[in-house]
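These values consider heavy atoms only, across backbone and side chains, with no hydrogens, waters or symmetry-generated copies. Per chain, numbering begins at 1; letters A, B, ... match sequence-line order.
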Protein chains: 2
Amino acid sequence: MELEQAKNQFINLWGNFGSQWGINRSMAQVHAILLTSPTPLSTEDIMEKLQISRGNTNMNVRELINWNLVYKETVLGERREFFRAEKDMWEVAKRIVRERKRREIEPLMQHLNDLKTVESDNLAEKQDFENTIQSIDRLVNKLDSISNNLMKADEHAFFGMIVNLFK
Amino acid sequence: MELEQAKNQFINLWGNFGSQWGINRSMAQVHAILLTSPTPLSTEDIMEKLQISRGNTNMNVRELINWNLVYKETVLGERREFFRAEKDMWEVAKRIVRERKRREIEPLMQHLNDLKTVESDNLAEKQDFENTIQSIDRLVNKLDSISNNLMKADEHAFFGMIVNLFK
DNA sequence: ACAAGTTTTCAATATCTTTTGAAAGTATAG
DNA sequence: CTATACTTTCAAAAGATATTGAAAACTTGT
């Protein structure tokens with residue numbers, strides 16, 4: 001396949017994949033274009049290649065910077081900003097995990113805690129509900145603790161350990 | 001907190017959580033109501049408690065059955081169908097992983113493969129693109145292989161191994 | 001075979017999310 | 001200080017997604 005065509009396919013692929021996981025299509029596509037650009041890109045470059053508006057580009061680049069997946073870059077003698085994606089995919093994965101944990105898992109854990117014990121005259125039903133919540137809570141906490149450790153480990157160590165485990 | 005109130009909060013919580021991860025709100029809410037019901041529920045029950053239409057209820061219950069998270073149940077002397085959720089959350093987690101893998105990760109891996117080698121006169125840029133794709137491909141494959149093993153292991157074994165690893 | 005109860009489908013509608021683009025805001029050079 | 005280059009904001013519009021509800025299809029008992 002030809003390089004330009006392959007890049008376009010990748011932008012598409014990454015966009016679809018993102019939207020299946022609750023990340024908006026444009027944001028994923030901006031990420032894709034930066035991942036596959038050998039040089040940092042300006043807002044104009046991104047607008048042009050993805051055919052999206054200035055506002056849209058600005059907002060999604062900014063969000064990617066919040067996620068720590070994209071850096072601002074200054075180019076000598078250029079007034080406008082350029083953007084460059086983190087290309088170490090292990091880093092990318094860790095940062096996505098970190099961010100989703102912070103934004104979604106932690107609030108979830110907080111709320112589950114509030115539901116752990118309830119009041120009711122119907123003892124059996126009370127117990128049943130509490131069991132379900134406990135069971136969700138245990139799972140979420142375990143996944144959380146794996147993700148904490150994952151973020152400390154380096155790629156080789158992490159996958160090495162996991163793969164060895166199952167041999 | 002009072003039981004009924006807690007159930008409502010949970011339905012809400014699960015619905016929000018689902019929609020952040022690309023699962024539609026109603027589907028997650030139907031799942032929540034079944035998870036927290038001590039007895040199987042009919043379509044009518046679900047419609048009434050969630051205040052949603054028959055069509056919506058039917059479609060989402062069916063989707064949950066496709067995901068293997070909900071079972072059809074027959075009640076003696078009743079003509080209509082009842083539904084019951086799988087309550088072992090380790091099982092639930094495994095089934096969600098299995099399904100998302102099948103629907104999303106496998107197609108992704110397929111497409112990445114097609115992008116692994118491209119043609120271009122610009123050797124440096126070709127190399128750069130191929131490196132990025134390779135790096136994504138390696139990560140996805142490793143995550144895939146962990147998830148395969150996870151689905152074979154039982155909960156205790158899995159978490160036991162992971163937790164010990166990081167001690 | 002019919003009638004009553006139940007489930008499924010799907011076009012129309014409503015809702016929610018994303019995108020646009022022009023205006024306001026900010027920074028920099030001269 | 002002022003003009004110009006550039007970035008950010010946000011209300012309105014477009015687009016995507018979810019929901020409704022009534023009709024069609026199916027199922028079961030008599």
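- For the contact set between residues 63-70 of chain A and DNA chain C, defined by any heavy atom under 4.0 Å, there are no members.
- For the residue pair A:Asn12 and A:Asn8, no side-chain donor N or O sits within less than 3.5 Å of a side-chain acceptor on the partner.
- Over its full length, the helix from C:dA1-D:dT30 to C:dG30-D:dC1 turns its helical axis through 20°, comparing axes from the five pairs at each end and rounding to 10°.
- Note: CG (B:Asn60) to P (D:dT20) measures 10 Å, nearest angstrom.
- When all heavy atoms of B:Phe129 and B:Leu115 are compared, the pair lying nearest together is CE2-O, 3.6 Å.
- Rounded to an integer number of Å, the gap from A:Glu78 CD to C:dA27 C1' is 15 Å.
- Summarising the geometry, the separation between CG on A:Asn24 and P on D:dT17 is reported as 11 Å, rounded to the nearest angstrom.
- Put simply, CE on B:Met47 is 11 Å from P on D:dA22, counting in whole angstrom units.
- In this structure, B:Arg100 forms no cation-pi arrangement with B:Trp67, as its terminal cationic atom is not both closer than 6.0 Å to the ring centre and no more than 45° off the ring axis.
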Protein and nucleotides 7-10 of chain C: nitrogen or oxygen contacts under 3.5 angstrom:
unit_1 : atom_1 : unit_2  : atom_2 : d
C:dT7  : OP1    : B:Glu81 : N      : 2.8
C:dT8  : OP2    : B:Asn58 : ND2    : 2.3

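- For the pair A:Gln20 CD and D:dT17 C1', the interatomic distance rounds to 14 Å; values are reported in whole Å.
- Between A:Glu106 and A:Arg102 there is no salt bridge, since no side-chain N of the basic residue sits under 4.0 Å from a carboxylate O of the acidic one.
- Salt bridge status for A:Arg54 with A:Glu44: present, with a side-chain N to carboxylate O gap under 4.0 Å.
- Taking Ile, Leu, Val, Met, Phe, Trp and Tyr as members and joining any whose side-chain heavy atoms lie under 4.5 Å apart, directly or through other members, the hydrophobic cluster of B:Val75 also contains B:Phe82.
- By the 4.0 Å N-to-carboxylate-O rule, B:Arg103 lies close enough to B:Glu63 to be salt-bridged with it.
- For the residue pair B:Asp45/B:Ser42, the side-chain donor-acceptor check at 3.5 Å is satisfied.
- Contacts between residues 25-37 of chain A and DNA chain C, counted as heavy-atom distances below 4.0 Å, involve A:Ser26.
- For the residue pair B:Ile11 and B:Gln29, the shortest heavy atom distance occurs at O-CG, 3.6 Å.
- With 3.5 Å as the limit, one finds no donor-acceptor pair spanning the side chains of A:Arg98 and A:Asn68.
- Ring orientation note: the planes of A:Phe17 and A:Trp14 are close to parallel, at an angle under 30° on the 30°/60° scale.
- Listed by first and then second residue, the side chain to side chain donor-acceptor pair (under 3.5 Å) pairs that reach into residues 124-140 of chain A are A:Lys116-A:Asp137, A:Asn122-A:Glu125, A:Glu125-B:Lys7, A:Lys126-A:Glu130, A:Gln127-A:Asn131, A:Asp128-B:Lys87, A:Asp137-A:Asn141, sequence neighbours excluded.
- Side-chain atoms of B:Lys94 and B:Val97, non-hydrogen and from C-beta on, never get closer than 4.5 Å to each other.
- Distance, A:Gln51 CD to D:dG15 P: 15 Å, rounded to whole Å.
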